[in-house]
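Structure, as structure tokens:
The figures that follow rest on heavy atoms only: side chains count, while hydrogens, waters and symmetry mates do not. So that the names make sense, note that chain A is the first sequence line, chain B the second, and so on, each numbered from 1.
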Amino acid sequence: MNIYTDIHALVVGALQRITAEGGLPAGLDLSNVSVEPPRDPAHGDMATNAAMVLAKPAGMKPRDIADRLAAELASDPRIATAEVAGPGFLNLRLAGEVWAAVTRAVLTLGGDYGRSTLGQGRRINVEFVSANPTGPLHVGHTRGAVFGDALASVLDFAGFDVTREYYINDGGAQVDTLARSVYLRYLEAFGETVDFPAGTYPGDYLIEVGEALKAEVGDAYVGQPEDVWLAPVRDFSTDRMMVLIRADLASLGVTMDRFFSEKSLYGTGRIEAALKALDAKGLIYQGVLEPPKGKLPEDWEPREQTLFKSTDHGDDVDRPVKKSDGAWTYFAPDIAYHFDKIERGYDGLIDVFGADHGGYVKRMKAAVSALSDGRVPLDIKLTQLVKLYKNGEPFKMSKRAGTFVTLRDVVEQVGPDVTRFVMLTRKNDAPLDFDFDKVQEQSKENPVFYVQYAHARVNSVLRKAIEAGIAVDDASLAATDLSGMTHPAEIAMAAKLAEWPRLIEIAARTNEPHRIAFYLYELAGLLHALWNRGNDESGLRFLQEGDPVTSQAKIALARAVSVVISAGLGILGVTPVEEMR
RNA sequence: GCACCCAUAGCUCAGCUGGAUAGAGUGUCGCCCUCCGAAGGCGAAGGUCGUAGGUUCGAAUCCUACUGGGUGCACCA
């Protein structure tokens, strides 16, 4: 049940009847007619812009259209009043029964309330994290992991068929560096003293990998030249790293549907096939790029390379796919990977990158556009930096000083639920401040706590009601008489619940899961406000002493709020708490 | 030099395919807290939505140019 789409359909139907009766010219485009919640509650429960949008094409005054529409709508039992206001808005006030119906729908549908058919089962691939398999995930990856996972969940809830995918960059030079670093730890495990030259990874986390390698192969690689051990050590090490990364993700509650190996693209003709597809469209050529304007790289020299004509698909310059020595650039397997995703038949692709990869957006979009002939949309979401604080003081990360903050560090300190919620309290493209102390504070300014507290409070009411012998299972509550739900604070809460399905669709359309976190904070705020009013006006308390019937009605509304909070937290991957401790 | 992201209350940030008098938290000020869970509550003040144009019945939202901040800029993944 989505009351906004219901009323929207009602408005469109009314407009069509008016048109049929000659009140409006035929053939008007109604697609811009919207039904929205007004900013100011004094303007009613919903407003439609129909009269303003149609005035010009119809050649009529907005007011005349609005008056006619108001008369048409007034006959529907769901509409209490329809008033023309402002420049031509039609403000609708809904009958009390509508809010009761919303509340009942929440209680009946439970966690499925708000589920949408927007996606119509279309297949979407969300690629996220995709960190190099050279070490544990750090805080930056954490944000990408949480964002991507929550986004995938929103899309799923909105009716898309979602695949969560991780692209393992195991085909490039950095995994060779990993192998060399592990080899040094391996020698160390035999008692050798080693030092780590620049360009290797000195992190402690490789010590155990070196020891594991020793346990696996004994001294087989000691004193051997690199060409003997590099490939096997590389495979061994990347496997180990992926085990580590999967465990990191698991600690956050993130499960990928698929891990796609870059290496699997090499030597299998996949890259060649992707580039051949581009070549067939006349988008591959041999050429020399112009030097970049401004500061010139010191070793710049014109080189003939194999180039992808990405400028034909919106990029600023054409991009090399082969180095001057004939080897692939990193971009080539990326093209092949996206080609693979297109060939797997997805209706849409989403890539979640860190903000430092903003420079790749245009070329990736160009590649996907070219390879799919513009059929498969690619949306790239960039997650901005996470700034760490402790007690309000900036907390600097430094690999050398050992203050490198990993995903595991964060999760172990504040828990997965807090980590996830906090990571979604900012829009993805806004920088995020993460204060280890503040996120665990129990106060109104901490949204994690505030939302959880609302959920716990409702649970507290339910417990008390059960003690008082009142039936508060969802079926009983859904069947209760809600006609007494008339207080503005109660209506406001029901109206907020009515927005939930609409919010899901907006979040899914914009690929912005943070909207859910903000919505839950607002919904929790309404519950707290009503609770507080109950302190002064005992008639507003959920539990009415000696009046089980009224109690049931009040509790039905409170329970509906906790159902939606629970569902919303579920989409964000946060476990709702039953009690605050 | 170019591209992308950002600029909204003192501070941190929301703001719906363009909608009415732009919201929240925090801070400030005033009042209140024996009462289902006060790890507070109610209210007030606080804005040229970076600047200047444009499109529109209507712009924080779309377009253009500036200003200021962040990120990235040939064979590195």
Side-chain angles (χ1 to χ4, degrees), chain A residues 31-32 34 36-40 42-43 47 49 52-53 55-56 62 85-89 91 132 134 169-175 177 262 288-297 299-303 305 307 315-320 322-331 333-334 354-362 382 384-385 425-427 429-431 433 441-447 449-450 453 456-457 460-461 464-465 468 499 502-503 505-507 509-510 512 514-515 517-518 521-522 525 528-529 531-536 538 540-545 551 554 579-580:
Chain A
S31 62
N32 286 326
S34 69
E36 300 176 355
R39 281 206 184 121
D40 188 344
H43 293 141
N49 62 355
M52 286 181 291
V53 172
K56 199 168 186 179
F89 282 102
N91 290 333
N132 290 341
T134 56
N169 287 107
D170 55 3
Q174 83 283 2
V175 286
T177 303
E262 174 191 0
V288 180
L289 287 174
E290 293 284 310
K293 301 259 194 304
K295 60 174 181 199
L296 201 62
D299 58 345
W300 168 266
E301 57 182 70
R303 293 188 182 94
Q305 298 169 308
L307 299 168
D315 203 354
D316 306 308
V317 289
D318 293 339
R319 305 291 175 175
K322 261 187 188 177
K323 302 179 200 171
S324 50
D325 67 2
W328 300 118
T329 63
Y330 67 89
F331 186 40
D334 279 349
D356 55 341
H357 286 63
Y360 309 133
V361 170
K362 282 192 177 180
L382 302 178
Q384 265 291 348
L385 224 62
T425 53
R426 286 289 176 275
K427 197 161 41 177
D429 53 13
D433 291 344
E441 242 170 51
Q442 301 197 333
S443 72
K444 188 173 182 176
E445 58 184 304
N446 181 359
F449 162 76
Y450 199 61
Y453 188 27
R457 267 186 152 170
S460 166
V461 171
K464 296 235 176 217
E499 280 184 41
R502 181 172 187 273
L503 183 97
E505 296 194 347
I506 292 169
R509 249 198 306 265
T510 54
E512 291 180 346
H514 76 277
R515 291 173 186 273
F518 282 92
Y521 182 75
E522 289 166 13
H528 289 309
W531 184 291
N532 292 328
R533 293 190 74 139
N535 289 331
D536 296 329
S538 60
L540 286 178
R541 296 185 192 183
F542 298 121
L543 201 51
Q544 295 290 317
E545 199 85 17
S551 293
K554 304 273 187 202
E579 266 186 287
M580 301 308 291

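Among the atoms of the strands shown, none is found under 4.0 Å from any heavy atom of A/A55. Residue A/A327 is classed as having no contact, given no heavy-atom separation below 4.0 Å to the nucleic acid. Within 4.0 Å (heavy atoms only), A/V317 reaches no atom of the nucleic acid at all. Within the 4.0 angstrom heavy-atom criterion, no nucleotide atom of any strand lies near A/Y450. Within 4.0 Å (heavy atoms only), A/F542 reaches at least one base atom of the nucleic acid. When heavy atoms are screened at a 4.0 angstrom cut-off, A/S460 is found touching base atoms of the nucleic acid.
The side chain of A/S34 has B/U17 as its nearest neighbour among B/C36, B/A20, B/U17. Proximity note for A/T329 (side chain, C-beta onward) versus B/G25, B/G19, B/C76: the nearest is B/C76. Among the nucleotides B/C16, B/A3, B/A38, the one closest to any side-chain atom of A/R515 is B/C16. With distances taken from any side-chain atom of A/D429 to the nucleotides B/C5, B/U17, B/U26, the minimum falls on B/C5. Side-chain proximity of A/L543 to B/C57, B/C36, B/A38: nearest is B/C36. Of the candidates B/C16, B/A20, B/A3, the closest approach to any side-chain atom of A/N91 belongs to B/A20. With B/A74, B/C36, B/C16 as the candidates, the nucleotide lying closest to the side chain of A/R541 is B/C36. Nearest nucleotide to the side chain of A/D316, out of B/A74, B/A3, B/A14: B/A3. In the set B/G40, B/U12, B/A38, the nucleotide with an atom closest to the side chain of A/R426 is B/U12.
In this structure, A/H357 does not count as stacked on the base of B/G72 under the 5.5 Å centre distance and 30° plane angle limits. Put simply, A/F518 does not rest on the base of B/A14: the two rings are not both less than 5.5 Å apart at their centres and under 30° in tilt.
The base of B/A38 does not come close enough to the side chain of A/N532 for any donor and acceptor atom to sit less than 3.5 Å apart. For a distance-only test at 3.5 Å, the side chain of A/R502 qualifies as a donor-acceptor partner of the base of B/C16. Scanning atom types as modelled, one donor and one acceptor separated by under 3.5 angstrom connect the side chain of A/R303 and the base of B/A74.
For the pair A/N32 CG and B/U56 P, the computed distance is 16 Å after rounding to whole Å. Atom-to-atom, CG of A/L289 to P of B/C2 comes out at 19 Å; the value is rounded to the nearest Å. A straight line from CG of A/L382 to C1' of B/A3 spans 13 Å, rounded to a whole angstrom. Per the geometry, CG belonging to A/D318 stands 12 Å off C1' belonging to B/A74, to the nearest Å. Rounded to an integer number of Å, the gap from CG of A/D536 to C1' of B/C33 is 9 Å. Summarising the geometry, the separation between CD on A/Q384 and P on B/A7 is reported as 11 Å, rounded to the nearest angstrom. As a whole-Å value, the separation of A/E522 CD from B/A24 P is 10 Å. Atom CG of A/N535 and atom C1' of B/G41 are 8 Å apart (whole Å).
Considering only side-chain N and O atoms, A/K427 lies under 4.0 angstrom from the phosphate OP1 or OP2 of B/G15. Residue A/K444 has a polar side-chain atom (N or O) positioned under 4.0 Å from OP1 or OP2 of B/G41. Between A/K56 and B/C57 there is a side-chain N or O to OP1 or OP2 distance below 4.0 Å. Residue A/H514 has a polar side-chain atom (N or O) positioned under 4.0 Å from OP1 or OP2 of B/G15. Between A/W531 and the phosphate of B/A38, there is a side-chain N or O to OP1/OP2 separation shorter than 4.0 Å.
For the atom pair CG (A/N169) and CG (A/N132), the distance works out to 5.0 Å, reported to the nearest 0.5 Å. Atom NZ of residue A/K362 and atom CG of residue A/D316 lie 3.5 Å apart, to the nearest 0.5 angstrom.
Two residues are said to be in side-chain contact when any heavy atoms from C-beta on lie closer than 4.5 Å; A/W531 and A/V461 meet this criterion.
Remark: the backbone N or O of A/Y450 is paired with a side-chain donor or acceptor of A/H528 at under 3.5 angstrom.
Stem regions annotated for RNA chain B: B:1-5 with B:69-73, B:10-13 with B:23-26, B:28-32 with B:40-44, B:50-54 with B:62-66, counting only runs of 3 or more consecutive pairs of Watson-Crick or G-U type with both contacts under 3.5 Å.
Separating the P atom of B/U48 from that of B/G41 is a span of 29 Å, rounded to the nearest Å.
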